[in-house]
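Quick notes on the structure that follows.
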Number of protein chains: 2
Amino acid sequence: MATAIDIHTHIVPFELPDCPAAASATRWPQMQPGADCHHRNVVIAGKIFRTVSDDCWDVSRRLSAMDAAGITTQVLSPMPELLSYWIDTRDALVLGRAVNDAIGAIVEQAPGRFIGLGMVPMQDPELAAREVEALMRDERFRGVEIGTNVNGISIADPRFAPVFAAAEATGAAIFVHALHPGGDNHLIGSPALKAVVAFPCETALAIAGLMTSGTLSRFPRLRIAFSHGGGAFGLVLPRLLHGWKVLASVGKAMTESPAEIARRLYYDSLVYDATTLDFLVRVFGERQIMIGTDYPFDIFERDPIGVVRATGLPDATLERLTGGNARQFLRLPH
Amino acid sequence: MATAIDIHTHIVPFELPDCPAAASATRWPQMQPGADCHHRNVVIAGKIFRTVSDDCWDVSRRLSAMDAAGITTQVLSPMPELLSYWIDTRDALVLGRAVNDAIGAIVEQAPGRFIGLGMVPMQDPELAAREVEALMRDERFRGVEIGTNVNGISIADPRFAPVFAAAEATGAAIFVHALHPGGDNHLIGSPALKAVVAFPCETALAIAGLMTSGTLSRFPRLRIAFSHGGGAFGLVLPRLLHGWKVLASVGKAMTESPAEIARRLYYDSLVYDATTLDFLVRVFGERQIMIGTDYPFDIFERDPIGVVRATGLPDATLERLTGGNARQFLRLPH
């Protein structure tokens, strides 16, 4: 296979700027020394949010891992908690630009091996739209990462239309990552279950919302991808399709079949299982799924190409999943 | 095929008793005349919750529909909103017994064609456990229907252990139906999307919770089924399995692999799509899935046997899905 593009990897900068305003200080992320020189702590609201390793910012560490896994190119996006939709817009803009600068710096250090997806302050959709446009004038970036919700408001809410309009107009790819999922009162056990169990449902609700709100029909040329294989959406879709056919109120919300819309969205392959990945290819089509690993966090997929190959799909499909679809999503030259 | 058992059908009684106490009156369901003699309105809190047709209570209407669809036996459970976990326990007991009496009366009217699953007041788990025991002394019933949560508390919460203990001890089958799903602030459009989009996620969270809380390992002989093919759980499972393997905090919550636990639970076939159903058979095993239709509500599956057959699975598997697995779940004689 020619190239393998991993569209779901995260970075955390080695340093973050100081908080510019007292009002945002409580939830402003800070980087502090960790237990050894390879680790640092992301401290938010006085607590260690996550201890991260130098894989998060060190280009040589990333390149070694990529070579070991057969990944040609990593698409870099912020660790989702850095999206900081919950701090004041002006301060979030300062933080976002610092994070984007860190992404851009990695892209520059190894030309051709990294592509950036930046962050934008979704708490002010018009400002976020302008930031999308600015990022698209920077050749180190091909688009943005956004969360599934902004302070509990689904990104499918009409207030976020300016961001999707700007993305469609500028050709920015959008990578939607689960964030602060609802339903976490139903989780019993480790706080890690938020990401493990609630993320897939959160993503499914976001995709369904983008369909039923009409957003995806209003912006049909949008190139938008969803984390973790679209989460649980592949199993929500047949029910949504049935509802669209038989329930008048659901039918009139969507001018197109949800199954059709689903087959022009993109999804990463991050489901850890070949049977599941094969099911997603059947449901979403062979042109919509791209490698995603969640590198370098605990839960990352160590053998993304192995899982793709284990589906036993034909070579042409494997090449699409491994790199071709990502080229389309990111509008890279062939 | 010998017999076809539909484990997911609902009833609404023609009449419900008057509310016994003023304190519960606001949320007590009442049956009122509808637009014509075939329809009645379920009125809750002064509003029409749903207009229902005589399929909900009329045995001859049900038998005709069953014959048309090739269904030998319907398993009857209350329309989930009747579960009334949100009214005073003592009043809920009165309501529940009236609903159970209506189910029992249908079972009596056509011996061998109907099997009852009753309702119990989950707002008082000890009382609910006693009601499970009482139902299991009534040969018209083989178990109970419960919601995925009780006033926002997941059924996986340890407080509900007495109900699962009683079910395991008496051999009662438990049918878990999605109810009042979380995450509905993420839905945009018709109120019907609660059932269409949020139910599958709600069910997935309930199953995951029953695993991570240890409930399903504590009661390994429980026969428990989940509505709508387990909702979105089939796509949450591979991620939960990966988390169980690589994250210490998730690993220690479950003494067994979630994939193993998943293959001793039961699920209905209500996914409206043969590709999806085939995927569920691969994930959960050919002995765990049973026909479910949601008869007689708007969204019900008109051709449940057709969907099962369209999977193209071997005849022996089709027979299990159509009736054999339900016999195991309900402990019916072979």
Side-chain angles (χ1 to χ4, degrees), chain A residues 148-149 152-154 156-158 181-193 195-202 204-206 208-209 212-213 228-229 231-236 238-244 246-247 249-250 252-254 270-273 275-276 279 282-283 298-299 301, chain B residues 148-149 152-154 156-158 181-193 195-202 204-206 208-209 212-213 228-229 231-236 238-244 246-247 249-250 252-254 270-273 275-276 279 282-283 298-299 301:
Chain A
T148 41
N149 72 79
I153 310 294
S154 168
D157 188 281
D184 55 349
N185 60 319
H186 283 14
L187 302 173
I188 299 180
S190 161
L193 293 170
V196 173
V197 168
F199 270 16
C201 295
E202 169 73 10
L205 292 177
T212 61
S213 67
H228 314 102
F233 184 72
L235 285 177
V236 171
R239 188 167 168 84
L240 180 58
L241 179 61
H242 184 75
W244 181 73
V246 306
L247 303 176
S249 69
V250 179
K252 79 177 175 208
M254 284 177 279
L270 189 50
V271 294
Y272 308 102
D273 177 66
T275 302
T276 305
F279 172 67
R282 282 164 194 261
V283 173
D298 283 356
I299 202 169
E301 171 59 64
Chain B
T148 42
N149 72 79
I153 311 293
S154 167
D157 188 281
D184 55 349
N185 60 320
H186 284 13
L187 302 173
I188 298 181
S190 160
L193 294 170
V196 173
V197 168
F199 270 16
C201 295
E202 167 75 8
L205 292 178
T212 61
S213 67
H228 315 103
F233 184 72
L235 284 177
V236 171
R239 188 167 168 84
L240 180 58
L241 178 61
H242 183 75
W244 181 73
V246 306
L247 303 176
S249 70
V250 179
K252 77 177 176 208
M254 285 177 279
L270 190 50
V271 294
Y272 308 103
D273 177 65
T275 302
T276 305
F279 172 67
R282 282 164 195 262
V283 174
D298 282 356
I299 203 168
E301 170 59 65

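Numbers restart at 1 for each chain; the letters A, B, ... are given by sequence-line order, proteins then strands. None of these values were measured; they are calculated from a predicted model.
Heavy atoms only, all atoms of each residue included: A/Ala204 and A/Val236 are closest at CB-CG2, 4.0 Å.
A/Arg282 touches chain B through its side chain: at least one heavy atom from C-beta onward sits under 4.5 Å away, while N, CA, C and O do not. Contacts of A/Ala195 with chain B are made by both backbone and side-chain atoms, with heavy-atom separations under 4.5 Å. For A/Leu247, the part lying under 4.5 angstrom from a heavy atom of chain B is the side chain only. When heavy atoms are compared at a cutoff of 4.5 Å, A/Leu240 approaches chain B by way of both its backbone and its side chain. A/His242 touches chain B through its side chain: at least one heavy atom from C-beta onward sits under 4.5 Å away, while N, CA, C and O do not. Looking at B/Leu187, the atoms closer than 4.5 Å to chain A (heavy atoms on both sides) all sit in the side chain, from C-beta outward.
The choice from B/Ala253, B/Pro191, B/Gly152 that makes the most heavy-atom pairs within less than 4.5 Å of chain A is B/Gly152. In terms of non-hydrogen atom pairs under 4.5 Å with chain A, the most contact-rich of B/Thr276, B/Asp298, B/Val246, B/Asp273 is B/Thr276. The choice from B/Glu301, B/Arg239, B/His228 that makes the most heavy-atom pairs within less than 4.5 Å of chain A is B/Arg239. No other option in A/Gly182, A/Cys201, A/Ser213 has as many heavy-atom pairs under 4.5 Å with chain B as A/Cys201.
You'll find the side chain of A/Phe279 stays beyond 4.5 Å of the side chain of A/Val271, heavy atoms only.
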